[in-house]
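Input: a single structure, listed below in structure tokens.
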Amino acid sequence: MKDLVRKNIAGITPYVAGKPIEETKRELGLKEVIKLASNENPLGPSPKAVEAIKKNLDKINRYPDANGFYLKKKLSRSFNLKPANILLGNGSDEIIDIIIKTFVEEDENIITADTTFLEYEIIARVNNRKVVTAPLKYFKYDLEAIRKKIDRKTKVIFIANPNNPTGTYITRQEVQDFLSDLPENILLVLDEAYETFIDVDDFPSSIGHIGRRNVIIMKTFSKVYGLAGLRIGYAIAKPELISAMEKARQPFNVNLLAQVAAVATLDDRKFLAKTRKVVLEGKNYLYDKLKKMGFAFVPSVANFILVDVGRDGVAVFKDLLKRGVIVRDMKQYGLKNFIRVTIGTKKENKKFIKALRKIS
Ligand SMILES: *Cc1c(COP(=O)(O)O)cnc(C)c1O
């Protein structure tokens with residue numbers, strides 16, 4: 001077997017996804033299990049999305065619209081851009097793959113942080129492309145360290161802003177300064193999966209960069225928009241970059257139900273506002289309880305919190321699991337004594353705190 005598999009694939013440590021609820025119930029014989037592990041929307045999908053899916057169920061014998069006409073139109077209008085500025089993907093995970101396939105030559109590299117979304121590295125390696133990493137500074141992307149890692153072979157720089165799993169962000173000024181020295185032949189990808197939860201004033205308004213610079217912004221329907229299970233995300237960039245990426249994708253990469261659900265969710269302002277409110281209130285509740293219990297954590301602008309549990313995070317993950325709470329241990333990210341907890345509903349947050357108290 002070993003000789004059959006390409007070396008780059010054989011050397012990859014697979015992505016470990018958040019543990020599913022049903023699997024946990026089955027394995028541990030539990031009736032009630034909550035999942036605070038994958039930064040999903042705790043309120044479910046938008047009722048408007050569910051309605052749109054039901055209405056379109058009898059159309060799934062047809063291929064989806066290969067050009068995502070209605071969704072691109074709606075999205076581009078909301079950013080005051082053109083449909084030619086938008087690329088749709090089967091989740092932003094697929095867009096990472098399309099970016100690497102479109103822009104990174106065989107002998108070129110990508111740069112990202114050493115503690116960030118794992119998919120940049122995994123997807124680059126699946127494509128047999130080199131990955132260069134720069135350390136974080138105080139849990140935050142260190143753009144100076146990234147700048148120093150740039151070499152003649154660097155093609156794409158991936159920045160998760162806010163960063164997952166730390167919840168930190170880089171500011172408007174930092175992005176501007178970084179771009180002002182960035183060579184024209186290097187692409188900057190700003191992955192803004194959590195931008196919809198931002199409650200600070202100095203977060204970059206990155207759309208302003210795409211006209212003039214080689215910047216690609218990635219966004220997703222998996223988090224605040226509540227459609228993680230349907231797999232849909234998108235990229236925003238100037239038309240020259242988008243049309244190149246369009247060539248590297250599969251024609252029917254975004255399924256029919258995902259397209260109609262995304263359009264319907266964009267219309268559901270009430271649902272989005274409610275989600276934001278639940279998450280911001282939940283964050284304050286968790287901060288307060290964690291402080292009182294003496295846990296250190298990294299202040300977050302996203303819908304999750306990185307918590308220093310002061311002992312082996314995998315053991316804490318397992319102890320919480322037995323009490324019906326799924327969080328994420330941070331072993332794969334190299335953060336041994338940490339867990340990452342997604343902010344849930346009021347009830348879920350309470351259950352998490354109660355379980356954490358019992359095992360501490
Ligand atoms: C969750 C997440 C995504 C979303 O991925 P999808 O493939 O769209 O579900 C992208 N980037 C980061 C940093 C994330 O945490």
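Below, all heavy atoms of this structure are taken into account, side chains as well, without hydrogens, waters or symmetry copies. Indexing begins at 1, ligand by ligand and atom by atom, following the structure's order.
- The protein non-hydrogen atom at the shortest distance from atom 5 (O) of ligand 1 is S92 OG, 3.4 Å.
- Considering backbone and side-chain N/O of N90, none are found under 3.5 Å from N/O of ligand 1.
- The closest protein non-hydrogen atom to atom 9 (O) of ligand 1 is S222 OG, 2.6 Å.
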Step-by-step ring pair (Phe, Tyr, Trp, His ring centres under 6.0 Å) determination, F304 to Y194: CA-CA 10 Å; F304 54 82; Y194 302 97; 5.0 Å; yes
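- A salt bridge links K219 to E192: one of the charged nitrogens lies within less than 4.0 Å of a carboxylate oxygen.
- Scanning all protein heavy atoms for the shortest distance to atom 14 (C) of ligand 1 gives K223 NZ, 3.2 Å.
- Taking the six-membered ring for Trp and the full ring otherwise, Y333 and F338 have centroids separated by 6.0 Å or more.
- For atom 7 (O) of ligand 1, the closest non-hydrogen atom of the protein is R231 NH2, 2.6 Å.
- Within the 4.0 Å heavy-atom cutoff, A193 counts among the residues contacting ligand 1.
- Between E121 and R125, at least one side-chain nitrogen of the basic residue sits less than 4.0 Å from a carboxylate oxygen of the acidic one, meeting the salt-bridge criterion.
- The protein non-hydrogen atom at the shortest distance from atom 11 (N) of ligand 1 is D191 OD2, 2.6 Å.
- Any N or O atom pair closer than 3.5 Å counts here, and D93 shares at least one such pair with ligand 1.
- For K130 and D107, the salt-bridge test fails: no basic side-chain N is under 4.0 Å from an acidic carboxylate O.
- With respect to D93 and R231, a salt bridge is recorded, a charged nitrogen being found less than 4.0 Å from a carboxylate O.
- With respect to D177 and R172, no salt bridge is recorded, no charged nitrogen being found less than 4.0 Å from a carboxylate O.
- When F117, F158, Y194 are ranked by how near their heavy atoms come to atom 15 (O) of ligand 1, first place goes to Y194.
- A salt bridge links K19 with E27: the distance from a Lys NZ or Arg NE/NH1/NH2 to an Asp or Glu carboxylate oxygen falls below 4.0 Å.
- With T220, N164, N163, N303 as candidates, the residue nearest to atom 8 (O) of ligand 1 on a non-hydrogen basis is T220.
- An N or O contact shorter than 3.5 Å is missing between Y120 and ligand 1 by distance.
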